[in-house]
There are 2 protein chains.
Amino acid sequence: MSDLAAALEIVGSRWALRIVEQLLDGPQRYGDLQRELGAPTNMLAMRLRELETAGVLYRLPLKHNTRAYALTERGLALRDAITALGRWAAEQA
Amino acid sequence: MSDLAAALEIVGSRWALRIVEQLLDGPQRYGDLQRELGAPTNMLAMRLRELETAGVLYRLPLKHNTRAYALTERGLALRDAITALGRWAAEQA
DNA sequence: CGCAGCACTTTTATTTTACAAGTATGACCC
DNA sequence: GGGTCATACTTGTAAAATAAAAGTGCTGCG
């Protein structure tokens, strides 16, 4: 399996990269992500679980029963790829 | 819609980026892509059609009834994003 | 004409995603 | 200490994307 294929196994599903992009601005809570992305809530929950076990992000406990999601170093390392894709879309003819 | 979301609309489906990656090595025929990628043939046909209308690749007629698929300039511009993703997967801990 | 290779299409099953509604937990208020 | 509220999910079901397998339509060749 090529490197690209390996990457897509982790962040190739529909919302994964968008979640990471959102978290590049800093840790955010579940409801914030949901509002910003407009992702279905069950998809968001599933992706967050997958990305957590993949070591891309982690849960950051806050007060009460709330928590925030934050990128690990491995998650932050996706910045280059995300900006590259964003730039590509932006440089439309 | 963010730039990233726009990019994923075009190359966010499961095989799209892998097809482009394969074509970065130069134009290839349908059967070659199929063998290299191991993609289902109906998916391959559908993605090629979509990527063609998106201006990422074009059909290059060869002899007989055969043709090759080649990247447009817009397709070639995806190289940065693809290598960034590949590098990310390769730098695993 | 019959056959073989290539580039697909069609059909059907399985998985993924979307949409809507419901549940669990704890804080806050009285 | 019971009711209400916000947050973070889960559950159930429908729609869509993907996978797997077989079939179709061209050439060109002998």
Side-chain angles (χ1 to χ4, degrees), chain A residues 1-2 4-23 25-54 56-71 75 85, chain B residues 1-2 4-23 25-54 56-72 75:
Chain A
M1 184 162 65
S2 77
L4 179 63
L8 293 177
E9 287 273 318
I10 301 173
V11 294
S13 59
R14 178 157 199 177
W15 294 100
L17 273 185
R18 305 214 29 216
I19 290 169
V20 175
E21 182 193 33
Q22 200 61 38
L23 292 179
D25 291 345
Q28 289 183 49
R29 287 178 303 165
Y30 188 92
D32 297 333
L33 289 171
Q34 196 174 324
R35 262 183 301 281
E36 292 288 336
L37 298 174
T41 177
N42 53 351
M43 285 295 104
L44 184 54
M46 190 178 295
R47 292 301 156 255
L48 287 173
R49 236 179 294 144
E50 291 172 0
L51 291 172
E52 186 185 14
T53 65
V56 172
L57 54 81
Y58 62 99
R59 282 158 209 261
L60 185 63
L62 301 182
K63 312 165 196 263
H64 328 324
N65 57 338
T66 68
R67 38 200 161 284
Y69 293 90
L71 294 179
L85 268 174
Chain B
M1 185 162 64
S2 78
L4 179 62
L8 294 178
E9 286 274 317
I10 300 172
V11 294
S13 60
R14 178 158 199 174
W15 294 101
L17 273 185
R18 304 213 31 215
I19 291 169
V20 175
E21 182 193 32
Q22 200 62 38
L23 291 180
D25 292 344
Q28 290 183 47
R29 287 177 305 166
Y30 189 93
D32 298 332
L33 288 170
Q34 196 174 325
R35 262 182 302 280
E36 293 287 336
L37 297 174
T41 177
N42 53 352
M43 285 295 103
L44 184 54
M46 191 178 296
R47 291 300 156 257
L48 288 173
R49 236 179 295 143
E50 290 173 359
L51 291 173
E52 187 186 14
T53 66
V56 171
L57 54 80
Y58 62 98
R59 281 157 208 261
L60 185 63
L62 302 181
K63 312 165 198 261
H64 327 324
N65 58 338
T66 69
R67 38 201 160 283
Y69 292 90
L71 294 179
T72 61

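Everything numeric here is computed off the predicted structure, so don't read it as measured data.
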Would you please confirm or rule out a distance under 4.0 Å between OP1 or OP2 of dC9(D) and any side-chain N or O of R67(A)? yes
Could you give the start and end, 5' to 3', of the contact zone on DNA chain C for chain A, using atoms under 4.0 Å from its heavy atoms? dT17(C) to dA27(C)
Just wondering, do I19(A) and Y69(A) contact through their side chains at under 4.5 Å, heavy atoms? no
One should read off an interatomic distance between R59(B) CZ and T66(B) OG1, to the nearest 0.5 angstrom, of 12.5 Å
Write down the distance between CG (L48(A)) and C1' (dA8(D)), rounded to a whole number of angstrom. 11 Å
If I take atom CD in residue Q34(A) and atom P in nucleotide dA6(D), what distance separates them, rounded to the nearest angstrom? 15 Å
Taking E50(A) first and then R47(A), would you say they form a salt bridge - that is, a charged N and a carboxylate O separated by under 4.0 Å? yes
Under 4.5 Å between any side-chain heavy atoms of L57(B) and L48(B), yes or no? yes
Which heavy-atom pair separates L17(B) from V11(B) by the least distance, and what is that distance? CG-O, 3.7 Å
Between atom CZ in R18(B) and atom C1' in dA19(D), what is the gap in whole Å? 15 Å
I need the CZ-C1' distance between R29(B) and dT27(D), as an integer number of Å. 14 Å
Side chain proximity check, L33(B) to L23(B), heavy atoms < 4.5 angstrom: yes
Rounded to the nearest 0.5 Å, what's the gap from CD on Q22(A) to CG on L4(B)? Could you check? 10.0 Å
In Å, rounded to the nearest 0.5 Å, how long is the span from CG of L71(A) to CD of Q28(A)? 9.5 Å
For residues 36-44 of chain B, which residues have at least one heavy atom under 4.0 Å from DNA chain C? T41(B), N42(B)
Would you give the length of the straight line joining atom CG of L60(B) to atom CZ of R29(B), rounded to the nearest 0.5 angstrom? 12.0 Å
If you pin G12(A) and M46(B) to their nearest nucleotides in DNA chain C, which one's is more 5'? M46(B)
Nearest to side-chain heavy atoms of H64(B), which nucleotide of dA8(D), dC26(D), dG28(D): dG28(D)
Rounded to the nearest angstrom, tell me the gap between atom CG in D32(A) and atom P in dA6(D). 15 Å
Whole angstrom is fine here: how far is it from OH in Y30(A) over to P in dA8(D)? 9 Å
Calculate the interatomic distance between R49(A) atom CZ and dA8(D) atom P; express it in whole Å. 15 Å
